[in-house]
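Counting starts at 1 for both ligands and their atoms, following the listed order. Bear in mind the structure is a predicted one, so any value in this text is a computation, not a measurement.
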Amino acid sequence: MKTAVCYYSRHHGNTLKVLQAMADAGEIDLIDVTKPKTASLADYGCVGFASGIYGFEFQKAVVEFARRQLPQGKPVFFVYTYGGAKGTGAKAMAEIAAQKNCPVLGEFSCKGFDTFGPFKLVGGIAKGHPDEQDLSNARRFYRDVQNKLENEVQT
Ligand SMILES: Cc1cc2nc3c(=O)[nH]c(=O)nc-3n(C[C@H](O)[C@H](O)[C@H](O)COP(=O)(O)O)c2cc1C
């Protein structure tokens, strides 16, 4: 079954790096939510939503994309990267999933290089992240998601 991940990754492409690692572990269609292309999420067996954390939250374009496009009951998972203070993390996404009766297969997060605002003056924080260990954890996470999905379909 095909997987799509709807994402926003702008600061250093950290979140995209994590998604590309996950795509090594299984085919994923990556959908940039800022591109004016309508994707039918109904065609996918499972849908991920991914973002950097900006102002302690998931990026609003991803949240709005899910609100508009996520079909009822679709299995979902969430991915995010952050500099050091994840704030509400994927909470807004979990709320949408609950409203739409979508089972949540998991959530993955790791640090991502951050040069926002004053952090630029000190050369940034979370330097080198996502690193090889983060990417390996991301691949393992996505394999777990696939296993959960298979078990869910069988039962
Ligand atoms: C405008 C802006 C706001 C940010 N706000 C936060 C924040 O509230 N908490 C945090 O831990 N990191 C914050 N960061 C750092 C990013 O979450 C981190 O670098 C992330 O990996 C960026 O992902 P991306 O490269 O995929 O865009 C912020 C970065 C930017 C540019």
Engineer: Let me know which of Y7, F77, Y80, F65 forms a side-chain contact (heavy atoms from CB on, under 4.5 Å) with F49.
Structural biologist: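 Only one option passes, and that is F65.
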Engineer: Quick one: NZ on K148 to CD on Q146, what's the gap to the nearest 0.5 Å?
Structural biologist: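 That separation rounds to 12.5 Å.
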Engineer: Measuring from K127:NZ to F113:CZ, what's the distance to the nearest 0.5 Å?
Structural biologist: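 CZ of F113 is found 7.0 Å from NZ of K127.
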Engineer: Give me the nearest non-hydrogen protein atom to atom 17 (O) of ligand 1 as residue plus atom name, then the distance to 0.1 Å.
Structural biologist: I53 O, 2.5 Å
Engineer: Report the member of G13, G83, S9 with the shortest heavy-atom distance to atom 12 (N) of ligand 1.
Structural biologist: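 When every heavy atom of G13, G83, S9 is considered, G83 comes closest to atom 12 (N) of ligand 1.
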Engineer: Please write down residue, atom name and distance for the protein heavy atom closest to atom 5 (N) of ligand 1.
Structural biologist: G55 N, 3.0 Å
Engineer: Under 4.0 Å from a heavy atom of R10: which atoms of ligand 1 are those, numbered in the order shown and with their elements?
Structural biologist: 24 (P), 27 (O)
Engineer: Would you give the length of the straight line joining atom SG of C6 to atom CD of Q69, rounded to the nearest 0.5 angstrom?
Structural biologist: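 Those atoms lie 7.5 Å apart.
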Engineer: Is it the side chain, the backbone, both or neither of F56 that has a heavy atom closer than 4.0 Å to ligand 1?
Structural biologist: both
Engineer: Give me the residue, atom name and distance of the protein heavy atom closest to atom 31 (C) of ligand 1.
Structural biologist: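 That would be H11 ND1, 3.4 Å.
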Engineer: Considering distance alone, does some N or O of F116 sit under 3.5 Å from an N or O of ligand 1?
Structural biologist: no
Engineer: Provide the number and element of each atom of ligand 1 under 4.0 Å from a heavy atom of G84.
Structural biologist: 10 (C), 11 (O)
Engineer: Could you list which atoms of ligand 1 come closer than 4.0 Å to a heavy atom of G52?
Structural biologist: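 This gives 23 (O) as the contact atoms.
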Engineer: Could you say whether the N/O atoms of H12 and ligand 1 ever approach to under 3.5 Å?
Structural biologist: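 So ligand 1 has an N or O lying under 3.5 Å from an N or O of H12.
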Engineer: For the side chain of T3 and the backbone of Y44, is there at least one donor-acceptor N/O pair under 3.5 Å apart?
Structural biologist: no
Engineer: Whether the side chain of K100 engages the backbone of L70 through a donor-acceptor N/O pair (distance < 3.5 Å, no angle test) should be reported.
Structural biologist: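 Here the side-chain-to-backbone pair exists.
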Engineer: Checking a contact table here: which protein heavy atom is nearest atom 19 (O) of ligand 1, and how many Å away?
Structural biologist: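 It is F113 O, 2.8 Å.
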Engineer: Do side-chain atoms of T15 reach the backbone of S9 as a donor and acceptor pair under 3.5 angstrom?
Structural biologist: no
Engineer: Would L16 count as being in polar contact with ligand 1, using the rule that some N or O on each side must be under 3.5 angstrom apart?
Structural biologist: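 Among all N and O atoms of L16, none is under 3.5 Å from an N or O of ligand 1.
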Engineer: Is a side-chain donor-acceptor pair under 3.5 Å present for D24 with Q20?
Structural biologist: no
Engineer: Please verify whether a non-hydrogen atom of G87 lies at under 4.0 Å from ligand 1.
Structural biologist: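 G87: no contact with ligand 1 (<4.0 Å).
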